[in-house]
Amino acid sequence: MFQRCILLGLYHRLYTAYGPQSWWPARSDFEVIVGAVLTQNTAWTNVEYAIRNLRRERRLSLRAMDGLAHGELARLIRPAGYFNVKARRLKNVCKWLAASGGLSGARRRSTNELREDLLRVNGVGPETADSILLYAFRRPVFVIDIYTRRLLSRFGLIAGDEPYETLRIAIESALAPDHSLFNEYHALIVRHEKEKCGGTRDCRHCQVEQNIE
DNA sequence: TACCAGGAGAAAA
DNA sequence: TTTTCTCATGGT
């Protein structure tokens, strides 16, 4: 489906335009997991407000969050929207992580095992699971989100409505299983899709977009 | 005021 | 099996 050289060419254009992104924007791996749930269908700025509340209340750890009542957790994450749904989902993830022996216990398991297990947690779909695997567990899994679909379809590489697994497997098959590359690539895609066109001759957005027609 | 933003699951068709 | 609906806040 994808040619390796085309995917790498696009990566290098993005990297040249924006440089290293050093993702995910979080202070700990547990915070990555929390952010992955909170950002579901939600602008990141709103997630930051919720993360700030959790940090202020010292609830950004597995034990502290697992010990919170639903209502209290929902109150803290309110700015991220869907707070009742997300509070339930966060508690589900906490239970899964605790049952896995915490982050260190989960790290001892294979990527496939972790992925299948994560997808069984109610509230964790493929995008959330893969974000957690890539950014919290540093596994070579490519995240397919709305930004990935938008960019690749604009470049004419996909139709845009392919099933999640079809795209993920196609991209992973075309590239070497390198978590650092997948991390940087996805972060660059998000950066590029959020970048506003500066309208100037050296606009970074236009540098990447040029000659795609 | 209306629309949008890094999904996922349940219900309905 | 596929489509539609629901969950909700903050920024523009």
Side-chain angles (χ1 to χ4, degrees), chain A residues 10-11 14 18 21-26 29-57 70-97 114-137 139 141-155 158-168 171 179 182-199 205 208:
Chain A
L10 176 56
Y11 171 76
L14 289 164
Y18 301 107
Q21 300 302 299
S22 307
W23 258 33
W24 178 289
D29 293 335
F30 183 74
E31 190 179 316
V32 171
I33 295 172
V34 172
V37 173
L38 291 179
T39 199
Q40 290 172 354
N41 206 32
T42 299
W44 183 254
T45 49
N46 291 357
V47 174
E48 287 180 323
Y49 295 134
I51 296 271
R52 202 175 303 162
N53 288 344
L54 292 167
R55 180 174 295 123
R56 191 189 62 235
E57 302 287 325
H70 169 89
E72 183 59 14
L73 181 54
R75 182 184 68 79
L76 292 171
I77 66 171
R78 189 181 177 89
Y82 307 118
F83 48 83
N84 282 313
V85 171
K86 288 176 180 175
R88 201 164 54 237
R89 291 177 180 178
L90 283 173
K91 296 287 280 186
N92 291 342
V93 172
C94 284
K95 282 188 177 54
W96 167 76
L97 197 53
L114 269 178
R115 189 167 195 275
E116 285 173 17
D117 219 25
L118 266 171
L119 289 173
R120 279 194 284 269
V121 177
N122 188 290
V124 176
E127 182 184 331
T128 306
D130 290 343
S131 295
I132 291 171
L133 287 169
L134 178 62
Y135 293 107
F137 290 99
R139 303 302 172 92
V141 175
F142 206 95
V143 178
I144 308 297
D145 59 10
I146 188 67
Y147 293 141
T148 312
R149 286 182 188 277
R150 209 180 285 168
L151 179 68
L152 294 180
S153 60
R154 215 170 50 248
F155 274 70
I158 63 170
D161 58 353
E162 292 86 348
Y164 186 98
E165 286 300 279
T166 303
L167 290 179
R168 181 181 70 83
I171 294 178
H179 93 264
F182 292 1
N183 176 320
E184 200 62 62
Y185 205 152
H186 176 247
L188 284 164
I189 289 173
V190 175
R191 171 72 185 276
H192 178 64
E193 291 301 297
K194 285 183 172 177
E195 184 88 358
K196 298 278 189 300
C197 174
H205 192 270
V208 176

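In what follows, chains are A, B, ... by sequence order, proteins preceding strands, each numbered from 1.
A donor-acceptor pair is defined here as one N or O able to donate and one able to accept, closer than 3.5 Å; no such pair exists between the side chain of A:T39 and the backbone of A:A36. Distance alone, capped at 3.5 Å, places no donor-acceptor pair between the A:K86 side chain and the A:I77 backbone. The closest donor-acceptor contact from the side chain of A:R88 to the backbone of A:H70 lies at 3.5 Å or more, if one exists at all. Under the 3.5 Å distance criterion, the side-chain polar atoms of A:N92 are matched with a main-chain donor or acceptor of A:N122. With hydrogens and angles disregarded, no donor-acceptor distance shorter than 3.5 Å links the side chain of A:N84 to the backbone of A:A74. Side-chain atoms of A:E127 never come within 3.5 Å of backbone atoms of A:V143 as a donor-acceptor pair (strictly under, hydrogens ignored).
Atom OH in A:Y164 sits roughly 8 Å away from atom P in B:dA8 (whole-Å rounding). For the pair A:Y49 OH and B:dA5 C1', the interatomic distance rounds to 13 Å; values are reported in whole Å. In this structure, A:R88 places its CZ atom 11 Å from C1' of B:dA8, rounding to the nearest Å. In this entry the distance linking NZ of A:K196 with C1' of B:dA5 reads 11 Å, nearest Å. If you measure from atom CD of A:Q40 to atom P of B:dG9, you get 8 Å, rounded to the nearest angstrom.
Between A:Y82 and A:T45, it is A:Y82 whose nearest contact on DNA chain C lies nearer the 5' terminus. Heavy-atom distances to DNA chain B give each of A:L119 and A:T42 a nearest nucleotide, and the one nearer the 5′ end belongs to A:T42.
Within 4.0 Å (heavy atoms only), A:K194 reaches at least one base atom of the nucleic acid. Backbone-only engagement by A:G125 is indicated by non-hydrogen atom pairs under 4.0 Å involving sugar-phosphate atoms exclusively. Residue contacts for A:V124: at a heavy-atom cut-off of 4.0 Å it reaches the sugar-phosphate backbone alone, with no base atom in range. Within 4.0 Å of A:R78, counting heavy atoms only, lie sugar-phosphate atoms of the nucleic acid but no base atom. If you check every strand for non-hydrogen atoms under 4.0 Å, A:R149 touches nothing.
Ring geometry for A:H186 versus A:Y135: interplanar angle of 30 to 60°, hence tilted.
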Could you run down the sub-3.5 Å N/O contacts of the protein with nucleotides 10-13 of chain B?
residue: B:dA10; atom: OP1; partner: A:N122; partner atom: ND2; Å: 3.3

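Using a 3.5 Å distance cut-off with no hydrogens or angles, the side chains of A:N53 and A:R56 do pair a donor with an acceptor.
For the pairing with A:V121, the side-chain contact (heavy atoms from CB on, under 4.5 Å) check across A:L97, A:T128, A:V93, A:I132 returns one residue only, A:V93.
With both ends at atom P, the span from B:dA11 to C:dA8 equals 16 Å, rounded to whole Å. Look at the P atom in both B:dC3 and C:dC5: the space between them is 16 Å, to the nearest Å.
One finds a salt bridge joining A:R191 and A:E195 here, because a Lys/Arg side-chain nitrogen approaches an Asp/Glu carboxylate oxygen to under 4.0 Å.
Here chain A contacts DNA chain C (any atom closer than 4.0 Å to a heavy atom, that is under 4.0 Å), and the contacts span C:dC7 to C:dG11 from 5' to 3'.
Between A:T39 and B:dA5 there is no side-chain N or O to OP1 or OP2 distance below 4.0 Å.
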